[in-house]
Amino acid sequence: MSEYVLRVKGICKAFSGVYALNGVNIDIRQGEIHCLAGENGCGKSTLINIISGVYSRDSGEIELNGRQYKRINPAQAIEEGVQVIYQDFAVFPNLTVKENLSVSTMVSGHKKIMNWKESERIARQALDLIGVDIDLEKEVGEISVADKQLVAICRALINDARLLIMDEPTTALTKKEVRTLFKTVMKLKEKGLSILFVSHKLDEVFEICDRYTILRNGRNVLTNSVEKLDNESFAYYMTGRRFSNEKFAAAKKGDTPALEVKDLAVEGAFSDVSFALYPGEIVSVVGLLGSGRTELALTLFGIQKASAGKIIVCGKQIQMGQVADAVKAGIGYVPEDRLTEGLFMKQSIGDNLIISMIENLADKMGILDRKRMKREKQSASSKMKIKCPNLEQAVETLSGGNQQRVVLGKWIARDMDVLILNGPTVGVDIGSKYDIHQVLRELADAGMGILMISDDLPEVLAVSNRGFVLKNGRISAHFETDKISAEALTEMIGV
Amino acid sequence: MQKNNQNRNKMLMFYQKDKTFFQLVIIAVIVFAAVAFMKPEKFLTSENMLSMLAQFPQFGIMTFSVMLAMLLGGIDLSVVAIANLSSITAAFIMTGSWGQGKSGTVVILAGVAAAALTGAAAGWINGVVVYHFRVPAMLATIGTAQVFQGISIAVTQGKAISGLPGAYSEIGRLDMGGVLPIPFLVFAICVLALSFLLNRTTFGSNIYMLGTNRKAAEYSGLKVRAYTLKVFILGGILAAVGGLVMMSRTNSAKADYGDAYTLQCVMIAILGGVDAEGGAGKVRGVAVAVLIVQFIASAINMFPALNTYTKTLIWGLTLIVVMIWRMFSGASHRNR
Ligand SMILES: Nc1ncnc2c1ncn2[C@@H]1O[C@H](COP(=O)(O)OP(=O)(O)O)[C@@H](O)[C@H]1O
Ligand SMILES: [Mg+2]
């Protein structure tokens, strides 16, 4: 038996002439947890799809359990024990947990009739393998992402996985769920499974991996064991860039607040919220989930109706409760969930960038000026440094970091006075995160007022100049970022 | 050589940009050639060509109405009911006693305007039910279709209204210089106007975005309510135009003309590349799909031996083939 479950040599893969992978090597030992890291768009998912036989490679070799493959198809990969839990993993949402877990065994056993007792037994056994308890009768569409993932892992185990590949499994999980997942992964390792774990979060890599491989722009940068790795070099290897850690020094511009909020309240969410945001400032809003922070943002942007209070933009009180009014007054909003609230996935990058300003690109009759549209698309995308071969491509083809740039770019294309951000860098890779922060600073410098809701305390401290804490729907404290530590801030937010 | 290559690349890019359209054109050519090959003596005659040009505009225009609703991710199953209600309104105006002694043009224009208003009002009702009451478009328009048809039957007692001004029915038969029937001209104007509206105006951009992701549209500051209503109102007007064309061809108006068009319109829209999930679909694709369906319909009619059931069967099979084709090309689009 070979020492390696998987050896991949010199894999190249191009999509319409552009190399996504260019001579990539990786090998995974029996029973190790191997991390595949790299910025979004560096080719991690593509590599996985090649290993699992979903994409065919252009050149290179794949060796599974000591057997060489020139061309591998999905069935062969499964035969070799390769099981993938995809980023957008495929479980059948309309089937129950039980059915999901028993369906493949039943089908491969060529059973025509579903035996409910039998399938219950198979499903129960599968969950016991990793020692978790999930309601078997629930439809998978209804259970949490974390539980879905566990179901997918169980399904992989039933199918005799020897190499389990998990593509960015932690992006959609809460901290607690990540803990459960890690426990499960460690258990799998004890059982002798090899695991290829895709992540670009250093703490995760440290915690569970034995070795790591870093890709950048479709090429290997480094493979090593995790002991010799620190935050800064990790970021450097992934991005090829050195980041400075200087703090943001906001310069308040002007005495009229860009946004002034007086005694704002939404029944059942928050009350008595008053604050001012001056042009040139970046103000953070921190607080636990359910503290009223998202409701506050939605109210400012006119999606929710306030039960009391006033919103004043650049000295003018605005009509509340209509998004169109808020936008007209100069407020832009970058929502929490960019996939469902921020982007038009199947429309082009360019169209996404200009949709909020489309009225300004047309004459009085609403006839569009195509030349100006093209110019605005280009200028927005270059301002946001969006990496893509062509702006007519659908937004769904972009990586998370680039997608977030599009959401931001939508408001930057249109000159806004106030920008409200809800979790601006959630699920975004290091390089993009740094760039987005840079953009925010530039916008503030140019005189925009920015209100940023964030869970990421280092981000709060690095990007904003001051902020306030929401607790049970009220402002419980104000802070200035150069006079407070992350620990003190955590204390303020409470549990 | 170099130049040749460049040209090829350009053409390839052009093709890539609107694959569906080129595929449709190829299908249209193949279907045309096949029918012409089978029945050249009947199909390749100028009478047949002219009669085809006069036949498809009515359901073609109605298809655009369905297409608009589908762009928003919904559907409109009340087009035919709106078309009939509108043409009945027009017929009442045109045959009413108020018009006696007035010039034919005035009477006809009044009728046309009344039909357009009726269509707009019916479309507005659809929009309100869909937007304000959050009823899924399919259910909403099945319901309103019953209501519209009910009104039509009530006011006509189920009978056809005839006796339209002679000048009006002439329109249905008149050829421009013996080449282009007027219904076809109306269709062509609809195609051009709608293409312009959808591709070159803020209205179009907003509709495609809204149909792709309603929530994101709201979060981007788009006027979701206004656009939803506008789309349905425009759809209603198009249905009315379809109804007017149909009325000019039958020289009468009746509550149940063109019943079969409802599903046919949906099929054509899907064949033409309109995404049932909303947000995608081009006017030119749908226009070619209308031609394809007309070719097939004419072909079927050239075999008088076929009974109605066989014809229905052929339509059903066509529908299934269309769906399968769209599924596959839709999937390849996603995997791009
Ligand atoms: N099916 C595809 N067609 C065209 N380009 C693709 C496809 N899949 C991925 N790419 C491109 O290949 C590159 C690598 O993508 P991916 O493997 O998804 O990155 P990662 O998973 O590391 O974020 C990106 O530039 C992406 O746009
Ligand atoms: Mg990926």
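Just so we're on the same page: letters track the sequence lines, and every chain starts at 1. All values below come from the heavy atoms of this structure, side chains included, with hydrogens, waters and symmetry mates left out.
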Looking at A:Asp363, A:Val407, A:Ile355, which makes the most heavy-atom pairs under 4.5 Å with chain B? A:Ile355
How close do A:Met448 and A:Asp417 get, counting heavy atoms only, and between which atoms? CG-O, 3.5 Å
Proximity breakdown for A:Met345 and chain B, heavy-atom pairs closer than 4.5 Å: backbone
Select one option (side chain, backbone, both, neither) describing which atoms of B:Phe196 are under 4.5 Å from chain A's heavy atoms. side chain
Let's go through B:Thr141 and B:Asn126 carefully: what are the C-alpha distance in whole Å and the side-chain angles of both, what is the deciding distance for side chain to side chain donor-acceptor pair (under 3.5 Å) to 0.1 Å, and is it a yes or a no? CA-CA 6 Å; B:Thr141 55; B:Asn126 279 338; 6.0 Å; no
May I ask you to check if B:Lys230 and B:Tyr227 form a cation-pi contact, with NZ or CZ under 6.0 angstrom from the six-membered ring centre and within 45° of the axis? yes
Please give me the minimum heavy-atom distance between B:Ala276 and B:Met70, naming the atom from each residue. CA-CE, 4.0 Å
Please determine, among A:Gln322, A:Lys328, A:Glu341, the option with the most heavy-atom pairs under 4.5 Å with chain B. A:Glu341
Does the side chain of A:Cys388 come within less than 4.5 Å of A:Leu398's, by heavy atoms? yes
Heavy-atom nearest pair, A:Val334 first then A:Gln404, reads CG1-NE2, 3.8 Å
Against chain B, label A:Phe344 side chain, backbone, both or neither, depending on which of its atoms sit under 4.5 Å from a heavy atom there. both
With a distance cut-off below 6.0 Å to the six-membered ring centre and an angular limit of 45° from the axis, does B:Lys282 pair with B:Phe22 as a cation-pi contact? no
One option among B:Ser220, B:Gly221, B:Ala217 has the most heavy-atom pairs under 4.5 Å with chain A, and it is B:Ser220
On the ring face of B:Tyr131, is B:Arg134 found with NZ or CZ under 6.0 Å from the centre and within 45° of the axis? yes
Check whether A:Leu343 gets within reach of chain B through its side chain, its backbone, both or neither, counting any heavy atom under 4.5 Å. backbone
Which region of A:Leu298, side chain (C-beta onward) or backbone (N, CA, C, O), has a non-hydrogen atom less than 4.5 Å from a non-hydrogen atom of chain B, or is it both or neither? side chain
Measure A:Thr340 against the heavy atoms of chain B and call it side chain, backbone, both or neither at under 4.5 Å. backbone
What part of A:Arg370 is in contact with chain B, defined as an atom under 4.5 angstrom from a non-hydrogen atom: side chain, backbone, both or neither? side chain
Please classify the contact between B:Leu222 and chain A as side chain, backbone, both or neither, with a heavy-atom cut-off of under 4.5 Å. side chain
